[in-house]
Amino acid sequence: MIIAITGTPGTGKTTLAKKLAKRHGYRYMDVNALITRHRLYERYDRKLKTKIIDPKKLVRFLIPYTKSLKAKGVVIDSHLSHYLPPSLVDRCYVTTCGLTVLKQRLKKRGYSTQKIRDNLEAEVFQACLTEAQEFGHRVIVRDTSKEK
Ligand SMILES: Nc1ncnc2c1ncn2[C@@H]1O[C@H](COP(=O)(O)OP(=O)(O)OP(=O)(O)O)[C@@H](O)[C@H]1O
Ligand SMILES: [Mg+2]
């Protein structure tokens, strides 16, 4: 079983991914940690304090790694996980969140005004959801605004 969890930063991917992994006894794949450990980023944007990632390059790394964990079951935590081929992914969860709640969450993290604006914009346009659907994933939407 291969489950991809995508969504705008702060919408609850990690929370959901860990919950699903624990519930089913699947492995939890921390893509951000892999990106750092294997230097899978192009450069670091100092102004935005963020790593610039080439999704194609990332996916080249993730495909064999994901396949090797299919038998055990794996939950992939990344806002780029929907770039994996739909033929490989059994289920693709997209986490979403109301804008007022999301803004509060991102503020709490100390993100810059620019970074908060960029992420809110991505959520307004449902960028991850739209892409995941366009790529042909079997999408399940999870709104985390009101949950505990
Ligand atoms: N289902 C939920 N109900 C209530 N609060 C939630 C829920 N999921 C996440 N949160 C809150 O939102 C915050 C961000 O969640 P989380 O770290 O899981 O997001 P993320 O999508 O993994 O973010 P990033 O992309 O930056 O890693 C958490 O600190 C938590 O307080
Ligand atoms: Mg996370």
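Remember, it's 1-based here, ligands and their atoms both numbered in the order they're listed. What you see below is based on every heavy atom in this structure, not just the backbone, and it leaves out hydrogens, waters and symmetry mates.
- Sequence neighbours left out, not one pair with a member in residues 115-131 passes salt bridge (charged side-chain N to carboxylate O under 4.0 Å, His left out).
- Of all atoms in ligand 1, listed by their number and element, those nearer than 4.0 Å to a heavy atom of T11 are 21 (O).
- The shortest N/O to N/O separation between R109 and ligand 1 falls below 3.5 Å.
- Residue pairs meeting the side chain to side chain donor-acceptor pair (under 3.5 Å) criterion with at least one partner in residues 23-33, sequence neighbours excluded, are Y28-D77.
- With hydrogens and angles ignored, the 3.5 Å screen pairs no side-chain donor or acceptor of H137 with any backbone N or O of Y93.
- Shown in contact with T15 at under 4.0 Å from a heavy atom are these atoms of ligand 1, numbered in order with element: 8 (N), 9 (C), 15 (O), 16 (P), 18 (O).
- Side-chain contact between I3 and V74 is absent, with no heavy-atom pair separated by less than 4.5 Å.
- In the hydrophobic clustering of this structure, F135 does not group with I5; members are Ile, Leu, Val, Met, Phe, Trp, Tyr whose side-chain heavy atoms approach within less than 4.5 Å, directly or through other members.
- Within ligand 1, counting atoms from 1 as listed, the ones closer than 4.0 Å to a heavy atom of K13 are 18 (O), 19 (O), 20 (P), 21 (O), 22 (O), 23 (O), 24 (P), 25 (O).
- For G7, the closest heavy-atom approach to ligand 1 does not fall below 4.0 Å.
- Contact detail for D143 and C97: the closest heavy-atom pair is OD1-CA, 3.9 Å.
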**OP:** Assess whether side-chain hydrogen bond (donor to acceptor under 3.5 Å, both in side chains) is satisfied between R105 and T144, documenting all intermediate values.
**Re:** CA-CA 12 Å; R105 287 184 190 172; T144 70; 3.1 Å; yes

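- For ligand 1, the polar-atom distance check finds no N/O of N32 at less than 3.5 Å from any of the ligand's N/O atoms.
- Contact check for T15 versus K19: no side-chain heavy atoms found under the 4.5 Å cut-off.
- Protein N, O or S atom count below 2.8 Å of the Mg ion (ligand 2): the structure gives 1.
- Close contacts of ligand 1 with T14, meaning ligand atoms under 4.0 Å from a residue heavy atom, involve 18 (O), 20 (P), 22 (O), 27 (O).
- Applying the side chain to side chain donor-acceptor pair (under 3.5 Å) test to pairs two or more places apart or on separate chains, those with a residue in residues 54-63 are E42-K57.
- Under the 4.5 Å side-chain criterion, counting only non-hydrogen atoms from C-beta, T36 is in contact with K51.
- Distances from ligand 1 to the non-hydrogen atoms of H79 include no value under 4.0 Å.
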